[in-house]
Amino acid sequence: MSGFLEELLGEKLVTGGGEEVDVHSLGARGISLLGLYFGCSLSAPCAQLSASLAAFYGRLRGDAAAGPGAGAGAGPGPGAGAAAEPEPRRRLEIVFVSSDQDQRQWQDFVRDMPWLALPYKEKHRKLKLWNKYRISNIPSLIFLDATTGKVVCRNGLLVIRDDPEGLEFPWGPKPFREVIAGPLLRNNGQSLESSSLEGSHVGVYFSAHWCPPCRSLTRVLVESYRKIKEAGQNFEIIFVSADRSEESFKQYFSEMPWLAVPYTDEARRSRLNRLYGIQGIPTLIVLDPQGEVITRQGRVEVLNDEDCREFPWHPKPVLELSDSNAVQLNEGPCLVLFVDSEDDGESEAAKQLIQPIAEKIIAKYKAKEEEAPLLFFVAGEDDMTDSLRDYTNLPEAAPLLTILDMSARAKYVMDVEEITPAIVEAFVNDFLAEKLKPEPI
């Protein structure tokens with residue numbers, strides 16, 4: 001366990017009081033669940049979460065008071081040897097991963113935290129964690145199995161709200177069939193049992209009427225749904241509402257030809273959000289008939305494939321950069337190969353060149369049940385690509401091999417006359433081994 005934790009967190013953490021704690025001591029204390037709390041002192045929602053999380057943390061660990069350093073003490077005091085070990089369900093530790101840019105503000109914020117924190121100076125490690133777990137907003141709280149490193153729950157904020165006593169600890173993922181179990185609605189009032197989904201591909205659609213991008217996507221999705229059904233495919237969509245009132249839900253749902261979780265079933269809606277770690281809307285998760293995730297990028301796929309010819313949208317190792325999928329550039333480091341698209345077949349040849357490397361990387365991390373550390377794109381010549389070059393201050397050369405890390409505001413550039421598979425693979429491996437020197441964006 002300590003080997004994984006040290007690789008993830010480094011050798012030292014700090015308490016709110018500034019004392020150093022050896023990471024390997026977490027393994028010795030039998031920690032079974034690790035929470036990573038991503039936040040910032042300047043965020044009011046983070047301040048609110050810290051207060052509720054401190055109470056939650058204290059209850060689960062059985063601490064009499066979750067004061068500063070309460071969960072992170074270096075060792076028991078005199079007479080503590082007679083104290084009972086915490087029950088397995090309470091073997092929890094939390095580590096704060098800050099995006100603060102000012103050390104004094106960071107110190108003031110962590111001072112009252114009863115859990116541990118990555119040292120302020122560990123900026124590079126913090127950034128790696130943000131990228132590794134695809135953190136897109138704060139506050140975020142994810143739970144990991146402290147032994148295997150596997151993600152147990154991507155939306156810990158809902159855990160605190162839905163299970164404040166920790167009765168469902170350690171909040172591991174449940175099968176979709178179990179989470180969705182119960183009646184589903186059509187907008188004419190008809191009720192169906194979730195068992196009617198058996199044998200179908202399913203789109204789980206997280207959306208709300210108050211969200212303009214959601215309404216835009218819904219209009220496109222209605223047409224996609226119709227085309228897929230007319231093609232004879234077994235496909236159903238389940239609307240999971242984030243509307244602020246039942247009236248808004250009913251108004252929005254009236255536009256939808258598919259099913260919905262009843263608005264009044266808040267617990268089931270929340271469990272689905274927890275299951276898929278929803279951090280923003282609209283989000284469309286596409287599942288196979290066994291309930292396994294095919295893609296979390298259903299929104300992008302629907303917008304890119306108006307005729308639904310590629311349904312059910314199995315992920316492609318290499319994407320052609322477009323207006324609709326450019327948002328993925330913000331999810332973490334991306335390899336982008338810029339080509340001269342005026343040359344017929346150049347984009348397709350570029351995709352074929354980097355696809356074997358992309359497939360190898362994806363397979364390697366899939367075997368570890370982890371997200372691949374890179375996304376792969378080919379970019380032609382259009383307004384979107386021109387904007388990207390301008391924003392990242394890239395030369396106009398083509399071909400141009402780059403890795404762009406928007407969250408770190410860093411780029412890595414290889415400008416060579418000929419790009420070969422060996423050059424791409426060496427470039428990727430050097431990036432993953434942190435051998436490349438970044439240039440600022």
Side-chain angles (χ1 to χ4, degrees), residues 1-11 23-24 26-27 30-38 91-95 97 118 122 124-136 140-156 170-176 274-279 285-288 290-297 314-319 328 331-335 354-377 403 405 407-408 424-436:
M1 179 196 296
S2 59
F4 153 69
L5 291 174
E6 288 184 3
E7 180 182 348
L8 188 74
L9 303 172
E11 296 181 357
V23 169
H24 69 75
L26 301 184
I31 298 301
S32 64
L33 198 71
L34 176 69
L36 295 181
Y37 167 20
F38 296 86
R91 295 177 187 261
L92 167 72
E93 189 52 86
I94 292 173
V95 175
V97 184
L118 276 181
E122 288 273 22
H124 180 63
R125 189 175 296 278
K126 293 174 187 176
L127 191 57
K128 284 178 66 177
L129 290 170
W130 282 68
N131 283 337
K132 180 180 179 68
Y133 296 109
R134 301 279 195 261
I135 302 301
S136 59
S140 286
L141 176 64
I142 65 171
F143 290 112
L144 311 176
D145 185 305
T147 302
T148 66
K150 293 179 181 177
V151 176
V152 171
C153 177
R154 288 187 176 276
N155 198 331
W171 311 294
K174 297 177 180 178
F176 170 72
R274 277 168 51 186
L275 179 62
Y276 298 114
I278 303 303
Q279 296 190 38
I285 310 284
V286 181
L287 311 177
D288 68 17
Q290 288 72 48
E292 299 297 323
V293 174
I294 293 176
T295 180
R296 299 178 60 87
Q297 298 293 338
H314 288 279
K316 297 175 183 176
V318 183
L319 300 173
Q328 292 178 257
E331 293 185 5
C334 298
L335 181 143
I354 62 178
Q355 182 158 324
I357 295 101
E359 289 175 340
K360 184 187 294 186
I361 295 292
I362 292 167
K364 176 182 176 181
Y365 284 85
K366 185 176 182 180
K368 298 191 290 184
E369 298 187 30
E370 293 183 12
E371 298 265 4
L374 273 174
L375 299 177
F376 296 83
F377 291 89
I403 292 175
D405 188 346
S407 59
V424 175
E425 187 160 17
F427 186 55
V428 168
N429 289 338
D430 285 349
F431 170 77
L432 296 178
E434 300 184 16
K435 294 180 180 179
L436 300 179

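Small disclaimer: the values here were computed from a predicted structure and weren't measured.
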Heavy-atom closest contact (Thr295 atom, Pro315 atom, distance): CB-CG, 4.4 Å
Residue pair Leu118 / Leu129, side-chain heavy-atom distance below 4.5 Å: yes
Spacing of Lys364 atom NZ and Lys360 atom NZ [to the nearest 0.5 Å]: 10.0 Å
Is any side-chain heavy atom of Val23 closer than 4.5 Å to a side-chain heavy atom of Glu11? no
Which atom names give the shortest non-hydrogen contact between Glu359 and Pro317, and what distance separates them? CG-CG, 3.6 Å
CG of Leu26 to CD of Glu6: how many Å apart, nearest 0.5 Å? 9.5 Å
Reported CG-to-CG distance for the pair Leu33 and Asp145, which is rounded to 0.5 angstrom: 7.5 Å
I want to check something: taking the side chain as every heavy atom from C-beta on, are Arg134 and Gln279 in contact at a cut-off of under 4.5 Å? no
State whether Arg154 and Glu371 are salt-bridged, where the test is any N-O pair (Lys NZ or Arg NE/NH1/NH2 against Asp/Glu carboxylate O) under 4.0 Å. yes
Can you tell me if Asn155 uses its side chain to pair, donor with acceptor, with the backbone of Ile278 under 3.5 Å? yes
Between Cys334 and Phe377, the two heavy atoms sitting closest are SG-CE1, 3.8 Å
So, do Leu144 and Cys153 sit near enough that their side-chain heavy atoms are less than 4.5 Å apart? no
With a 4.5 Å cut-off on side-chain heavy atoms, are Leu5 and Ile31 touching? no
For Leu275 and Lys174, the nearest pair of non-hydrogen atoms, with its separation, is CD1-O, 3.3 Å
From CA spacing to verdict: side-chain contact (heavy atoms from CB on, under 4.5 Å), Ile357, Leu335: CA-CA 11 Å; Ile357 295 101; Leu335 181 143; over 6 Å; no
A side-chain contact here means heavy atoms from C-beta on lying under 4.5 Å apart; do Pro373 and Asn131 qualify? no
To the nearest 0.5 Å, how far apart are CG in Leu34 and CG in Leu92? 8.0 Å
List the residues meeting side-chain hydrogen bond (donor to acceptor under 3.5 Å, both in side chains) with Gln328, not counting sequence neighbours, and say none if there are none. none
Salt bridge check: are Lys128 and Glu434 linked by an N-O gap of less than 4.0 Å? yes
Minimum side-chain heavy-atom gap Leu36-Ile135 below 4.5 Å: no
Heavy atoms from other residues, nucleotides or ligands near NZ of Lys435 exceed 12 (cutoff 6.0 Å): no
Classify the angle between the aromatic ring planes of Trp130 and Phe38 as parallel (below 30°), tilted (30 to 60°) or perpendicular (above 60°). perpendicular
Starting at NZ of Lys132, measure out to CD1 of Ile142 and round the result to the nearest 0.5 Å. 9.5 Å
Does any N or O in the side chain of Ser32 come within less than 3.5 Å of the main-chain N or O of Arg91, such that one atom is a donor and the other an acceptor? yes
Smallest separation among heavy atoms of Gln355 and Val318, with atom names: CA-CG2, 3.7 Å
Does some side-chain heavy atom of Val428 sit less than 4.5 Å from a side-chain heavy atom of Ile354? no
When rounded to the nearest 0.5 Å, the distance separating CD of Glu331 from CD of Gln297 is 5.0 Å
Under the side-chain hydrogen bond (donor to acceptor under 3.5 Å, both in side chains) test, which residues partner Thr148, sequence neighbours left out? none
Kindly indicate, with the supporting measurements, whether the criterion side-chain contact (heavy atoms from CB on, under 4.5 Å) is fulfilled by Leu319 and Leu375. CA-CA 8 Å; Leu319 300 173; Leu375 299 177; over 6 Å; no
List the atom of Glu7, the atom of Arg125, and the distance in Å for their closest heavy-atom pair. O-NH1, 3.1 Å
